[in-house]
Protein chains: 2
Amino acid sequence: MARPKKVRHGDAVLTHEHIVATALRLADADGIRQLSMRRLATELDCGVMSLYHYVVDKEALIEALVDQVAREVVPPPKGVAWREAVRHIAEATLAAQLRHPWAIPVWSTSWPGPYRFALVEQLLDTLAHAGLPPDVADLGFHALTNHVQGFAQQRISFGQLESRAEVTRDRLEAMIAQGKFPRVAEHVEFHRSERSAQDEFGFTLDLILDGLEKFADGEKRPSVLRAGREDGDSRDSNA
Amino acid sequence: MARPKKVRHGDAVLTHEHIVATALRLADADGIRQLSMRRLATELDCGVMSLYHYVVDKEALIEALVDQVAREVVPPPKGVAWREAVRHIAEATLAAQLRHPWAIPVWSTSWPGPYRFALVEQLLDTLAHAGLPPDVADLGFHALTNHVQGFAQQRISFGQLESRAEVTRDRLEAMIAQGKFPRVAEHVEFHRSERSAQDEFGFTLDLILDGLEKFADGEKRPSVLRAGREDGDSRDSNA
DNA sequence: ACCTGAACACCGTTCAAGT
DNA sequence: ACCTGAACACCGTTCAAGT
C-alpha cells in the first residue's frame with residue numbers, strides 16, 4: 001500500500017517483455033477488442049504514455065502479441081517424413097490458434113513477427129524437401145496455411161454460434177426456419193452431429209497432401225503452371 | 001443553400017437502402033476503418049442518431065455492407081457440370097471480394113446476411129448434386145470456401161505489401177536481408193515473378209476438386225470418416 | 001533514458017426531447 | 001413514425017514537460 005516513491009509499477013519493472021506478457025493475459029481473458037492501451041496501462045499500474053517507450057503503436061503491440069502465439073508452435077521432430085512434418089506443423093499451429101482465439105482474425109491481417117517468419121520458413125523448407133516442383137511447393141504452402149487458417153476461423157465462428165451468443169443462435173434458427181436454405185440447414189446439422197467430431201481437419205489436410213504428392217519427383221507435371229525454376233539454387237541478393 | 005425546412009437531406013430521403021449504398025461508397029473509397037457512423041451521417045447530411053432508426057448497430061451496418069458484396073456474385077448458368085458450377089462460384093466470389101477489398105477480413109467474421117446465405121446454399125446444393133457422400137460434400141464446402149477466402153486475403157496482404165506501404169515493404173526487405181529465412185525469400189521472389197501470374201487460384205481449386213471427385217459415386221470410401229448419412233432425405237424440423 | 005498528465009481529435013451509443 | 005442534440009463513456013496518440 002505504502003510504496004516507495006520512485007517505483008511506479010506494482011510488482012515488476014516496465015519492459016517490452018512484461019508489457020507483451022500482460023497484454024497477452026488480458027487478450028486471453030477478455031478478447032482483443034477489450035484490450036486498449038489505457039486498460040493495459042492501468043493493469044501495469046503506469047501511465048498510458050509510458051507504453052509508447054516500448055511499443056511504437058497499438059498495431060505493433062498486436063503484432064508482438066500474435067508473434068507470441070506463433071512462438072508456441074513447437075517444431076516437428078527432426079528426420080520425420082515430410083508429410084508427417086507438415087501434419088505436425090499444421091496441427092500445432094491450429095492448436096496454438098485455438099488456445100488464443102482472439103489471434104485468429106488478426107493472424108493474416110497483422111504484420112508477421114520473427115516467430116511467424118520462422119514458422120513460415122519451416123513449412124516452406126519442409127515442402128522444399130518433398131521433391132515437389134518449386135512452384136507446386138509455393139502454391140501448396142498457401143493451400144495448407146489457408147486450410148489451417150480457415151479451419152480455425154470456422155471453429156470460432158461456429159463456436160460462438162453455439163455457445164453464449166444466444167441471440168446469434170436464434171438468428172440462425174430463424175434463417176433456417178424460413179425453409180429457403182435446406183442445404184444450409186443440413187450443413188448446420190452436420191456440424192452439430194457427432195459425425196463432424198471425426199477428423200475433419202485431417203481429412204482436408206490429407207486431400208491437399210495427396211494432391212501435392214502427385215507432383216513429387218516428376219510423377220505428374222503441373223498442367224496450368226509453366227515449367228518450374230531451372231536454376232536449382234538462385235537465392236541471391238535481390239529477393 | 002436555402003433549403004426547405006422539412007427536408008433534412010441533400011438529395012434523397014433517408015432509407016435503409018440509401019444508407020447502405022452510401023456506406024458502401026465510403027468503404028470502397030476509404031476502406032472500412034475510415035467508415036464511422038459520424039462520417040456516414042455527415043455524408044448523408046443527417047444527424048448521427050437518425051441512422052439508428054434504420055440500422056440497429058454499426059455491426060449490423062457492416063453485415064448489410066458485406067451482404068451487398070455477396071449480392072454481386074452472379075450464379076452459374078443452369079445445367080453446367082458440377083465442377084464448372086463450383087469453379088464459377090469460386091471465381092465470382094473471389095472477383096467480388098477483390099472489387100471490395102475491405103470486405104475480405106470481415107467476410108468470415110461478420111454474421112451472414114440473406115445474400116451470403118443464398119450463396120452458401122448454392123455451393124452446397126451444387127456439391128450435393130456431385131454424387132459425393134454427404135459428409136465429403138460438407139467438408140469439401142469448407143475446403144473450397146477456405147481456399148477462396150485465403151486466396152483473397154493473401155492477395156490483399158501481398159498487394160498492400162507491394163504498393164503504397166513503402167514502410168512495410170522495407171520491413172520485409174530487412175527481414176529477408178537477415179539471411180535467416182532463405183525459403184521465405186524464395187517464396188517472395190515467386191510471388192513477384194511472372195510465374196505466379198499463372199493460374200494460381202485455379203491450380204489449388206483443381207487440386208481440391210480432383211481430391212473430392214475421387215469420392216464421387218462410391219469410387220472411393222472416405223477413410224477417416226464414418227459412413228455417410230443413411231437416410232437420403234432427412235431434412236426435417238429440428239435443424 | 002525513462003516516465004508522465006493534459007489535451008486533441010476522434011469513437012459508438014443512451015437518453016430525453018422534439019415534430 | 002421519424003428525427004435529433006447533448007451527454008456519457010470511452011478510444012489512440014501528440015506534445016510539452018518532468019526526473
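The figures that follow rest on heavy atoms only: side chains count, while hydrogens, waters and symmetry mates do not.
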Exercise for the section: With sequence neighbours excluded, give me every salt bridge (charged side-chain N to carboxylate O under 4.0 Å, His left out) pair touching residues 46-63 of chain B. Expected result: A:Arg171-B:Glu63

Practice task
Give the rounded distance in Å between these two atoms: CG of A:Asp57 and C1' of D:dG12.
Solution key: 9 Å

Problem - Rounded interatomic separation in angstrom, taking CZ from B:Arg39 and P from C:dA9 - result: 17 Å

Exercise for the section: Please tell me which of the listed nucleotides, D:dC3, D:dT13, C:dT13, lies nearest to the side chain of B:Lys58? Expected result: C:dT13

Problem - N/O donor-acceptor pair, side chain B:His53 with base D:dC2, under 3.5 angstrom - result: no

Exercise for the section: Take the protein atom CD1 of B:Ile19 and the nucleotide atom C1' of D:dC3, then report the distance between them rounded to whole Å. Expected result: 11 Å

Practice task
Any chance you could lay out the salt bridge (Lys or Arg N to Asp or Glu O under 4.0 Å) test for A:Arg192 and A:Glu189, step after step, and finish with the verdict?
Solution key: CA-CA 5 Å; A:Arg192 283 181 180 158; A:Glu189 182 55 36; 5.4 Å; no

Problem - Interatomic spacing from OH in B:Tyr52 to CE in B:Met37 - rounded to 0.5 Å - result: 4.0 Å

Completion exercise
Here the distance between atom P of D:dG12 and atom CG of A:Leu61, to the nearest Å, is 10 Å

Handout entry: Between D:dA9 (C1') and B:Met37 (CE): distance, integer Å
Key = 17 Å

Fill in the blank from the handout: Taken to the nearest whole Å, CD1/B:Ile62 to C1'/C:dG12 is 11 Å

Show every donor-acceptor pair shorter than 3.5 Å between a side-chain atom in residues 139-149 of chain B and any protein atom, with sequence neighbours excluded, or say none if there are none.
from     : atom 1 : to       : atom 2 : distance (Å)
B:His142 : NE2    : A:His187 : NE2    : 3.0
B:His142 : NE2    : A:His191 : NE2    : 2.7
B:Thr145 : OG1    : B:Phe141 : O      : 3.1
B:Thr145 : OG1    : B:His142 : O      : 3.3
B:Asn146 : ND2    : B:His142 : O      : 3.2
B:His147 : NE2    : B:Phe201 : O      : 3.0
B:Gln149 : NE2    : B:Ile104 : O      : 2.9

Practice task
For D:dA9 versus C:dC10, give the span between their P atoms, rounded off to a whole number of Å.
Solution key: 22 Å

Completion exercise
Value for CD1 (B:Ile89) from CD (B:Gln122), rounded to nearest 0.5 Å, stands at 4.5 Å

Problem - Distance, nearest 0.5 Å, that separates CD of B:Glu173 from CD1 of B:Ile176 - result: 5.5 Å

Completion exercise
Here DNA chain D, pairs taken as Watson-Crick or G-U under 3.5 Å and shown with ( ), [ ] when crossing and | when to another strand, reads ||.|||||...|||||.||

What nitrogen or oxygen pairs link the protein and nucleotides 14-17 of chain D at under 3.5 Å?
none

Practice task
Could you tell me whether B:Ser50 contacts a base, only the sugar-phosphate backbone, or nothing, with contacts defined as non-hydrogen atoms closer than 4.0 Å?
Solution key: base

Handout entry: Closest listed nucleotide, where the reference is the side chain of B:Ser36 and the choices are D:dC3, C:dG12, D:dT13
Key = C:dG12

Problem - Value in whole Å for how far the P atom of C:dC10 lies from CZ of B:Arg33 - result: 15 Å

Practice task
Please tell me which of the listed nucleotides, D:dG12, C:dT13, D:dC3, lies nearest to the side chain of B:Arg38?
Solution key: C:dT13

Problem - Whole-Å distance separating the CG atom of B:Leu35 from the C1' atom of C:dC10 - result: 14 Å

Practice task
Hey, could you give me the CZ/OG1 distance between B:Phe151 and B:Thr93, rounded to the nearest 0.5 Å?
Solution key: 13.5 Å

Practice task
Only counting residues at least two apart or in another chain, list the ones meeting salt bridge (charged side-chain N to carboxylate O under 4.0 Å, His left out) with A:Arg38.
Solution key: none

Exercise for the section: Would you mind listing every salt bridge (charged side-chain N to carboxylate O under 4.0 Å, His left out) that reaches into residues 69-78 of chain A, with sequence neighbours excluded? Expected result: A:Glu72-A:Arg99

